[in-house]
J.: 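Sharing a structure here in structure tokens format.
Since this is a predicted model, take the numbers as computed values, not measurements. In what follows, chains are A, B, ... by sequence order, proteins preceding strands, each numbered from 1. Quick note: numbers below take in every heavy atom, side chains included, and nothing from hydrogens, waters or symmetry partners.
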There are 2 protein chains.
Amino acid sequence: MVTLAEVAQHAGVSASTVSYVLSGKRSISTTTRRRVEESIRKLGYHPNAGARALASSRSNIIALMIPLRTDMYVPVMMEIAVAVATTARTHGYDILLLTGEEGPDAVRRVTGSGLADAMILMDVELDDERLPLLRGTDQPSVLIGLPADTTGLTCVDLDFRATGALCVEHLADLGHRDITVIGEAPAVYERHTGFAERTLDGLRTRARELGLRLLHRPCEGGYDAMAATLARVFDERPDTTGFVVQNESAVEPLLALLRQQGRAVPEDVSVVAVCPEQVATQASVRLTSVALPAHEMGRRAVEQLVAKLDGHGSDEVVLLAPELTVRASSGPAPVRP
Amino acid sequence: MVTLAEVAQHAGVSASTVSYVLSGKRSISTTTRRRVEESIRKLGYHPNAGARALASSRSNIIALMIPLRTDMYVPVMMEIAVAVATTARTHGYDILLLTGEEGPDAVRRVTGSGLADAMILMDVELDDERLPLLRGTDQPSVLIGLPADTTGLTCVDLDFRATGALCVEHLADLGHRDITVIGEAPAVYERHTGFAERTLDGLRTRARELGLRLLHRPCEGGYDAMAATLARVFDERPDTTGFVVQNESAVEPLLALLRQQGRAVPEDVSVVAVCPEQVATQASVRLTSVALPAHEMGRRAVEQLVAKLDGHGSDEVVLLAPELTVRASSGPAPVRP
DNA sequence: AGAAGCTGTCGAAGCGCTTCGACGCCCTAT
DNA sequence: ATAGGGCGTCGAAGCGCTTCGACAGCTTCT
């Protein structure tokens with residue numbers, strides 16, 4: 001293992017000079033800098049992370065806490081994680097992967113040990129038990145998701161309320177008057193993750209404003225659950241012509257069942273989904289959808305965090321504006337005979 | 001921040017004693033141990049990770065390199081990552097998340113800086129450029145996947161050859177004589193990730209042994225690609241009654257298209273998939289499938305690695321035996337008129 | 001009884017880096 | 001000519017921990 005001292009000796013300078021070349025915290029003459037850089041390259045020197053962390057009390061690591069459970073769209077989680085990792089690297093940070101499993105203890109452990117300089121939390125619940133810990137420490141953190149009380153916290157999330165409103169507006173513009181919302185699995189609502197409720201709130205509010213009828217049904221993914229749900233929906237609201245789906249594992253079953261029932265999309269029934277782009281474009285009918293901006297969320301989270309670590313940056317709630325892309329699954333409401 | 005020294009003072013012992021209580025590397029009297037543990041608890045002490053790493057040259061961190069691209073089995077990747085993280089924690093290790101993006105440089109950086117004690121690499125290509133680096137360092141590593149040359153390496157993977165054989169056998173047992181394989185996207189084969197080729201090899205070899213006809217068609221996911229592929233397949237091999245699918249984004253399109261063409265599953269056509277359990281059970285027809293044991297792979301990888309870090313453990317290729325679960329998508333071949 | 005061996009504890013020496021103050025040098029302003 | 005001020009470099013003091021050797025007080029063997 002090559003050390004700073006060896007590099008210094010090889011370059012004929014003192015260790016501190018090498019350190020300053022590396023950090024750029026003091027000015028170094030061009031000749032010296034070049035000589036040092038040459039030695040670094042030649043010897044294949046890599047600063048020791050532990051020593052660096054000890055001396056500077058900065059680990060250059062950001063902890064990312066991902067949910068353990070897999071009942072919700074996993075690829076989105078993955079995409080966020082990858083976006084976080086790549087963005088972090090561009091700022092010189094590495095990512096420490098924590099699973100939700102450990103809960104608040106993980107927060108304590110990481111904060112206490114100086115393992116990471118900052119944290120990003122995903123899958124935040126409305127009244128998350130990790131929040132008091134975050135408020136009680138001076139370690140910067142960013143949440144992906146929105147808890148009930150955001151005072152003293154920095155959050156990044158899609159504006160789900162606006163998303164709901166947007167979906168309703170789109171269907172209303174097309175003349176639909178009876179709209180059914182196929183929501184997430186009941187477990188998601190019970191867990192109070194917030195985003196499902198916020199979407200629903202946006203849907204309901206805008207529907208009321210526009211004078212539409214709205215029916216909401218949570219739904220597990222899969223064909224059987226969807227079939228059962230759909231039967232009850234048409235039973236209860238036979239005039240339903242518009243669907244908003246916020247459960248990607250219900251999307252394909254819904255389309256298949258509608259087809260099976262002889263209801264054409266979009267001629268008889270329009271479907272708008274809140275889902276990742278990939279799901280929308282790979283479905284059997286290309287879906288009009290509001291995308292989940294996973295990459296953007298990950299990137300923004302890291303950038304908020306880096307700003308905090310650099311001293312600027314403040315507690316702020318960043319709500320990304322939803323964008324609705326019209327594809328083949330939505331069209332004018334059928335003319336009522 | 002609480003330090004070892006403060007704990008020592010609080011407990012009335014020397015710093016080294018506290019350290020030995022923590023590590024258990026020397027025997028400590030019960031009374032002293034208890035007193036120290038009490039102080040640790042009371043002061044809320046957490047050992048500083050950097051200092052520890054510096055002094056012991058052990059970071060207790062395992063680097064996990066995940067692929068950046070998202071054209072394959074993302075949920076499987078995620079499940080592996082989560083399994084790695086949770087298993088690692090039970091052994092006292094944390095996970096550093098690296099994306100494939102940085103490539104060999106990341107390996108150099110992590111090895112050189114002592115950031116991690118060991119590495120797990122996912123998405124290994126047959127002739128991966130990271131392999132020489134791994135062989136050239138004394139840092140333990142485990143690959144998830146199988147390169148062409150495994151000398152000096154430890155690998156964990158599903159036995160894809162046996163998987164292919166198993167699928168063919170199942171269909172042969174049911175009397176199918178004409179089998180078509182819907183493979184991964186062409187890009188996957190071009191990238192030489194190995195698993196697709198190995199599956200195909202297993203399929204072909206066993207088919208030959210059993211005297212079956214086998215047609216292989218790579219296929220992008222999605223409906224359009226699948227429709228085109230399927231048309232050509234029935235054109236070329238109208239007697240096809242068995243399908244093996246190794247591309248989870250082709251599964252649902254295939255089922256829908258068969259239905260549309262009036263071919264009943266499993267009465268007219270049997271389908272066997274190589275895919276995650278979730279896909280198999282949530283499809284419109286519950287699929288007979290060989291599962292991708294993501295969790296098991298992650299777990300085994302960590303355990304191999306920990307064994308190496310502890311001194312026992314050796315270079316070894318662990319191939320997990322495939323298991324075929326019969327569900328509703330496969331049945332006896334239709335009787336030829 | 002004395003040697004030999006345990007057990008439990010301590011002190012001190014680093015691990016490789018950052019950072020602070022000091023200092024020599026040269027340039028500029030008086 | 002001389003004081004003042006940058007600039008570029010160095011030496012040394014830690015950061016908080018692990019670990020090695022030392023050693024005091026016992027027990028056990030011959």
Side-chain angles (χ1 to χ4, degrees), chain A residues 1-37 39-40 43-61 92 94 109-117 309, chain B residues 1-37 39-40 43-61 92 94 109-117 309:
Chain A
M1 169 175 238
V2 191
T3 70
L4 227 214
E6 298 176 75
V7 173
Q9 191 173 12
H10 185 272
V13 298
S14 77
S16 49
T17 301
V18 176
S19 178
Y20 285 123
V21 167
L22 249 28
S23 69
K25 292 193 179 172
R26 285 203 183 170
S27 53
I28 298 286
S29 71
T30 319
T31 41
T32 307
R33 183 199 315 289
R34 268 212 260 282
R35 203 141 36 84
V36 170
E37 280 165 353
S39 299
I40 288 177
L43 301 180
Y45 169 71
H46 284 272
N48 179 291
R52 209 164 228 204
L54 177 57
S56 66
S57 18
R58 283 287 221 121
S59 64
N60 283 297
I61 288 180
D94 272 296
R109 190 166 59 85
V110 168
T111 322
S113 67
L115 234 185
D117 297 333
L309 285 164
Chain B
M1 168 173 238
V2 190
T3 70
L4 229 213
E6 297 177 75
V7 173
Q9 190 172 13
H10 185 270
V13 296
S14 76
S16 49
T17 300
V18 177
S19 178
Y20 286 122
V21 167
L22 249 30
S23 68
K25 292 193 179 174
R26 286 202 182 171
S27 55
I28 297 287
S29 71
T30 321
T31 39
T32 307
R33 182 199 318 289
R34 269 211 262 282
R35 204 141 35 86
V36 170
E37 282 165 352
S39 299
I40 288 176
L43 301 180
Y45 168 71
H46 284 272
N48 178 292
R52 210 166 226 204
L54 177 58
S56 65
S57 21
R58 284 284 222 124
S59 64
N60 283 297
I61 289 180
D94 271 295
R109 190 166 60 84
V110 168
T111 320
S113 67
L115 235 184
D117 297 332
L309 286 165

J.: Around A/Q9, counting heavy atoms of other residues, nucleotides and ligands shown, do more than 12 lie under 6.0 Å from its CD?
T.: no
J.: Out of curiosity, B/D94 CG to B/N60 CG, how far, rounded to the nearest 0.5 Å?
T.: 8.5 Å
J.: Rounded to the nearest 0.5 Å, what separates atom OG in A/S29 from atom CZ in A/R35?
T.: 7.5 Å
J.: For A/S19, report the nucleic acid contact type (base, sugar-phosphate, nothing); a contact means any heavy atom under 4.0 Å.
T.: base
J.: How many angstroms lie between CD in A/E6 and CE in A/M1, if you round to the nearest 0.5 Å?
T.: 9.5 Å
J.: To the nearest 0.5 Å, what is the distance between CG on A/L43 and CG on A/L4?
T.: 11.5 Å
J.: May I ask you to say what B/S16 touches in the nucleic acid, namely base, sugar-phosphate or nothing, with a heavy-atom cut-off under 4.0 Å?
T.: base
J.: Can you tell me the distance, in whole Å, between the CZ atom of A/R33 and the P atom of D/dC7?
T.: 14 Å
J.: Please classify the nucleic acid contact of B/L4 as base, sugar-phosphate, or nothing, using heavy-atom distances under 4.0 Å.
T.: base
J.: Counting heavy atoms not belonging to B/R58, are there more than 12 under 6.0 Å from its CZ?
T.: yes
J.: With a 4.0 angstrom cut-off to heavy atoms of chain A, pull out the first and last contacting nucleotide of DNA chain C, in 5'-to-3' order.
T.: C/dG16 to C/dA22
J.: Tell me whether A/R33 contacts the main-chain N or O of A/I28 through its side chain, where contact means a donor paired with an acceptor under 3.5 Å.
T.: yes
J.: What do the steps show when you test A/T3 against A/N48 for side chain to side chain contact (heavy atoms under 4.5 Å, CB included), and what is the final call?
T.: CA-CA 8 Å; A/T3 70; A/N48 179 291; over 6 Å; no
J.: Could you go through A/I61 and B/L115, starting from their C-alpha distance and side-chain angles, then the distance that decides it, and tell me whether this counts as side chain to side chain contact (heavy atoms under 4.5 Å, CB included)?
T.: CA-CA 10 Å; A/I61 288 180; B/L115 235 184; 3.8 Å; yes
J.: Please report the C-alpha distance between B/V13 and B/Y20 in whole Å, then the side-chain angles of each, then the deciding distance to 0.1 Å, and finally whether the side chain to side chain contact (heavy atoms under 4.5 Å, CB included) criterion is met.
T.: CA-CA 11 Å; B/V13 296; B/Y20 286 122; over 6 Å; no
J.: Name the pairs: protein N/O against N/O of nucleotides 22-26 of chain D, kept only if under 3.5 Å.
T.:
residue	atom	partner	partner atom	Å
D/dA22	N6	B/R26	NH1	3.4

J.: Among residues 48-56 of chain A, which ones have heavy-atom contacts with DNA chain D below 4.0 Å?
T.: A/L54, A/A55
